[in-house]
**Q** 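Handing you a structure now.
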Amino acid sequence: MSPLSTILIAVSAGVLGVLAGAIVGYLLYRNYTRSKKQDAETFYNKMVEEARQNSQNLEKEAELRIKEQQIAAKADFERDTRDRRQDLGVLEKRLMQKEENLEKKVGLLDQKEIDTNQRERSVVVREKSAQAQEKKFGELVEQCNVKLEKLAGMSREEAKRKVVADIESEAKHEAAKRIKQIEDEAMETAEKKAKNIIALAIQRYAGDYVAERTVSVVALPNDDMKGRIIGREGRNIRALEAATGVDFIVDDTPEAVILSAHNPIRREIARISLERLISDGRIHPGRIEEIVSKAGLEVEKEVQQAGEQATFDLGVHGIHPELIKLLGKLKFRTSYAQNVLQHSLEVAFLAGIMAAELGQNVKQAKRAGLLHDIGKAVDHEVEGTHAQLGCDLARKYGESPKIVHAIEAHHEDIKPDTVLAVLVQAADALSGARPGARREMLETYVKRLADLERIAKKFDGVDKIYAIQAGREIRIIVCDKDVSDDDTVVMSRDIARRIEEEMTYPGQIKVTVIRETRSVEYAR
C-alpha cells in the first residue's frame, strides 16, 4: 500500500474513533442527565410533600393556639362577668339597704311631723286652758284676799309689813346659823393654815451654799507651754477647740489657759484633756483626739456616779436612769455661781424636813425637791423655761402627777395646788432665791429691782409696786378707778414687753397686775 493510502486509512480510522467516542459520550451524557432529572423530580416532590406537611402542621398549631386563646379569653370574660355580677350584687344590696333606711327615716320624719303637729295643737289648747284657769284663779285670789282682809282685820299693806318682819327675823336666824357653820369650817381648816404659816416661817432660815467658778482655768508649768499648746500655725489649738467645742484663751493670763464655754460638761472635758496633754508632753492633733475621747468617757461615768450618789444620799429610789444621768449633769451646772446639784440636794433636804414637821410624805417631798431643777440639765439645748422642761422630762420618765406638778409650779409658772408644791417652792426660795445666797454683786441685784420698779411706774394707774423672788417676779397694784379688769391684762403684757426690751436678766420675770375693788359702808 502506498503511504497516502495508509494515511487515509489512519485518518479514517481516527475519524471513526472520534465519532464513536462522541456517540458513546452522548449516550452516556443522556443517561446521566435523565437520571439527574429523575433525582431532581424525586427531591422536588419530596420537598413539596414536606412543605405541605409542615404547612398542615403549622395550620393545626395555629388553630390550637387560636382555640386556646379563645378558651382563655372566654374564661377571663366569664371571670370578669362573674366578678362584676358579684360587685353589682353587693351594690344592689347596699342600694336596697339604703333605700330601706331612707324609707325608715322618711317614715320616722313623717311620724315626728305628725307628733309635732299634735304637740303644737295640744300646747295651744293647754295655753288657752291655762289662760282661762289663770283668769279664774286671779278672780278667786282677789275674792280670798278680800275675805282675808275682813277676817284678819288688817289691810294688804299691813299684812305685807308683817310678812317682811317675819322674813327678816327668819333671815337673822339663818345668818346666825351660817356664821356658826363658817366658824366650824374655819376650825377645820386651821391645821392647813398653820402648815402654811410654818412653811413661810421656815423660809427665813439661811443655810450654807456651794459656789463654783463658771470659767475653768488650767495652770501651766511655764509660758513656753503655750507655744506647744498653740502648735505650728495654730494646728494644736484648732484641734483642741474642734474636739471639745470650747474656746481656749492663752494670751490673757500668764502661765495659765482659760477655757470658756456655755456647756459646763464640755468645759470639764476640755480641762481634763488639757491637763493630761500637759503632763504627757505629747501634743499633736492625733493625740488630742485620743485624750479628748477618753476624757469624755470618764466625765460620762462621773456624771452617772454623781446622779446615783445624790439619789443614794437622799434615800430616793426608783428614779429612771435617764433622770439620774441628767441629775449628774447638774454637777457641772451653776446658777449665779451656785452649783445646781448641791442646790437640788439642799432643796430636797429642806423639803423633807418641812414635810416631816407638817406630817406630809417625806420621801415624796425629797424626790420632788431633788428633781425640781432637772430642766436646767437641758435648758441650754432645748427652748423653754427650766420648770416646763423639767415637768416634761418627769412626765416622760414616769414620775407621779404630784411630782410633775411640784416641778412645774416651783417658780409659779402655774398656781401650786398641793402642799407638796408649796413645800418645794419654799425650799427652793430658802436655798437660793434670797439675796446673798448666790454669788451676785449686790449692786447688780439692787439695780435690777430698781429697773423693774422704774419700768412699772411709767404706766398710768399704778399705785404700788413690789419686786419679789430676788427680782424674778414683780407685783403691781393698780387703782380700781383708773384701770379696769380688761386693762390689767393689757398692762401686764405691755410691762412684760417693756422689760424684755430694756433689761438684761437670766431666766424669766413674772409680771402680776392686781386690781381690787372694795366697798365700804359705816353703821351709825
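A quick note: this is a predicted structure, and the numbers were derived from the prediction, not measured.
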**Q** Applying ring-ring contact (aromatic ring centres under 6.0 Å, His included), run through His410 and His386 and close with a yes or a no.
**A** CA-CA 10 Å; His410 80 276; His386 74 273; 5.2 Å; yes
**Q** Could you tell me whether Arg367 and Glu399 make a salt bridge, using a distance below 4.0 angstrom between a side-chain N and a carboxylate O?
**A** yes
**Q** Measuring only between side-chain heavy atoms, which start at C-beta, is Leu259 closer than 4.5 Å to Ile249?
**A** no
**Q** For Glu408, enumerate each residue passing the side-chain hydrogen bond (donor to acceptor under 3.5 Å, both in side chains) test, keeping only those at least two apart in sequence or located in another chain.
**A** none
**Q** Between Glu300 and Gln304, is any side-chain donor less than 3.5 angstrom from a side-chain acceptor?
**A** no
**Q** Identify whether the distance between the nearest side-chain nitrogen and carboxylate oxygen of Glu302 and Lys331 falls below 4.0 Å.
**A** yes
**Q** Should Arg448 and Asp451 count as an ion pair when the cut-off is N to O under 4.0 Å?
**A** no
**Q** Closest approach of Gly390 and Ile374, non-hydrogen atoms and distance?
**A** CA-CG2, 3.5 Å
**Q** Is it true that Lys458 and Glu502 have a side-chain N and a carboxylate O under 4.0 angstrom from each other?
**A** yes
**Q** Salt bridge or not between Arg271 and Glu268? Use side-chain N to carboxylate O under 4.0 Å.
**A**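 A salt bridge is present here (some side-chain N lies under 4.0 Å from a carboxylate O).
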**Q** Can you see whether Thr488 engages Asp485 through a side-chain donor-acceptor pair at a distance of less than 3.5 angstrom?
**A**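 The answer is no; no qualifying pair exists.
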**Q** Please name the pair of heavy atoms, one in Asn236 and one in Ile288, separated by the smallest distance, quoted to 0.1 Å.
**A** O-CD1, 3.5 Å
**Q** Who passes ring pair (Phe, Tyr, Trp, His ring centres under 6.0 Å) against Tyr397, sequence neighbours left out?
**A** His320
**Q** Applying side-chain hydrogen bond (donor to acceptor under 3.5 Å, both in side chains), name anything that partners Asp115, two or more places apart in sequence or on another chain.
**A** Gln111
**Q** Are Val462 and Ile477 close enough, and set up right, to give a side-chain contact (heavy atoms from CB on, under 4.5 Å), and what steps lead you there?
**A** CA-CA 6 Å; Val462 175; Ile477 299 176; over 6 Å; no
